Number of protein chains: 2
Amino acid sequence: MPLEKPHTAQECTAALGAVQDALYAVGGKWKLPVIAALRDRGPQRFNELQRSIKGISARVLSTELKQMELNGFIHRKIDTGAPVVVTYELTPYADTLGNVLGALREWGAQHRNKIRGKITAEVSPPF
Amino acid sequence: MPLEKPHTAQECTAALGAVQDALYAVGGKWKLPVIAALRDRGPQRFNELQRSIKGISARVLSTELKQMELNGFIHRKIDTGAPVVVTYELTPYADTLGNVLGALREWGAQHRNKIRGKITAEVSPPF
DNA sequence: CAGGATCCGAAGCGATACTG
DNA sequence: CAGTATCGCTTCGGATCCTG
């Protein structure tokens with residue numbers, strides 16, 4: 001039931017807020033690439049991860065990881081051994097994004113198709 | 001099927017791109033409020049719409065409307081009559097966002113609930 | 001290796017004023 | 001009414017260097 005018509009102002013604003021929270025959680029330039037990298041190549045260490053994600057700087061990777069940890073998507077595992085080893089991995093909670101990402105991907109693919117030919121540069125993020 | 005594991009690099013990058021296109025289309029601070037306003041109160045004229053959406057400036061409303069028109073969400077209807085009347089309305093295509101917004105809302109609500117108590121200010125957009 | 005500190009340019013957004 | 005022009009602040013993200 002996608003954002004239906006008959007509703008109170010209260011419900012509407014709440015729904016609006018929820019959607020924006022969700023957008024905020026996966027928004028930005030790098031959160032998705034980080035998730036993708038961890039999904040594809042499994043748990044990784046900081047520099048390893050940075051190399052996996054082409055183009056990201058240490059500073060940005062660091063702040064993204066912190067936010068995603070706050071959101072519960074990522075676990076920062078510290079192995080206090082001979083040399084301390086820090087590993088980042090996706091939590092099970094990250095899987096709850098499945099529906100969201102699925103819907104976004106499906107709609108996005110369809111939209112890309114529809115928009116094809118038009119001034120793509122104006123409706124897509126810069127490369 | 002939410003972004004499954006076994007896939008080629010090609011497919012993965014494509015999916016990534018699609019998701020980011022979708023995020024871009026509904027992202028930003030005002031696109032959702034604009035959609036909500038048009039949904040709730042029907043087709044409206046520019047100033048009317050600006051009054052409906054508390055806090056938006058004419059400049060920002062103008063650019064948002066343009067982008068959303070490019071994306072096919074909005075139709076700018078020009079009635080060339082005694083005084084020219086311009087009306088903005090949602091297109092049927094805007095309805096295809098239903099699943100996306102539904103998924104975002106559902107996950108967002110659940111997430112908000114889970115995060116409750118934590119440093120909400122740090123994971124949510126400013127008010 | 002795992003980040004933090006600093007600087008800088010670009011983009012987003014708000015406020016005000018102005019035009020046809 | 002339906003916007004555009006201009007300005008300035010703030011945030012985002014990139015680059016470089018530095019440290020324990």
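The structure presented is a predicted model; accordingly, all values stated were derived computationally and were not measured. Chain naming here is simple, since letters A, B, ... match the order of the sequence lines and numbering starts at 1 in each.
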Write down the distance between [atom1] ([X]) and [atom2] ([N]), rounded to a whole number of angstrom.
X	N	atom1	atom2	result
A:K54	D:dG14	NZ	P	13 Å
A:L61	D:dG13	CG	C1'	13 Å
A:E48	C:dG3	CD	P	13 Å
B:E64	D:dG3	CD	P	15 Å
A:Q50	C:dA2	CD	C1'	10 Å
B:I78	D:dA2	CD1	C1'	11 Å
B:L65	C:dC13	CG	P	14 Å
A:I74	C:dG3	CD1	P	12 Å

Run the salt-bridge test on A:R76 and A:E69 with the 4.0 Å N-O cut-off and return the result as yes or no. no
Heavy-atom side-chain contact between A:R39 and A:L90 under 4.5 Å: yes
With the side chain counted from C-beta on, respond yes when B:Q67 and B:F73 share a heavy-atom pair under 4.5 Å apart, and no when they do not. no
Establish, with yes or no, whether the OP1 or OP2 oxygen of [N] is under 4.0 angstrom from a side-chain nitrogen or oxygen of [X].
X	N	value
A:K66	C:dG3	no
A:R51	C:dA2	no
B:Y88	D:dG3	yes
B:S57	C:dT16	no
A:W30	D:dC12	no
B:S62	D:dT4	yes

Tell whether A:R59 reaches the base of D:dG13 with its side chain through a donor-acceptor pair below 3.5 angstrom. yes
Rounded distance (nearest 0.5 Å) linking atom CE of B:M68 with atom CD1 of B:I35: 4.0 Å
Separation of A:S52 OG from A:N47 CG (nearest 0.5 Å): 10.5 Å
Among C:dC1, D:dG3, C:dG3, which nucleotide sits nearest the side chain of A:N47? C:dC1
Compare the minimum distances between each of D:dG13, C:dG3, D:dA2 and the side chain of A:V86, then state the nucleotide with the smallest one. C:dG3
What does A:R45 touch in the nucleic acid at a heavy-atom separation under 4.0 angstrom: a base, only the sugar-phosphate, or nothing? sugar-phosphate
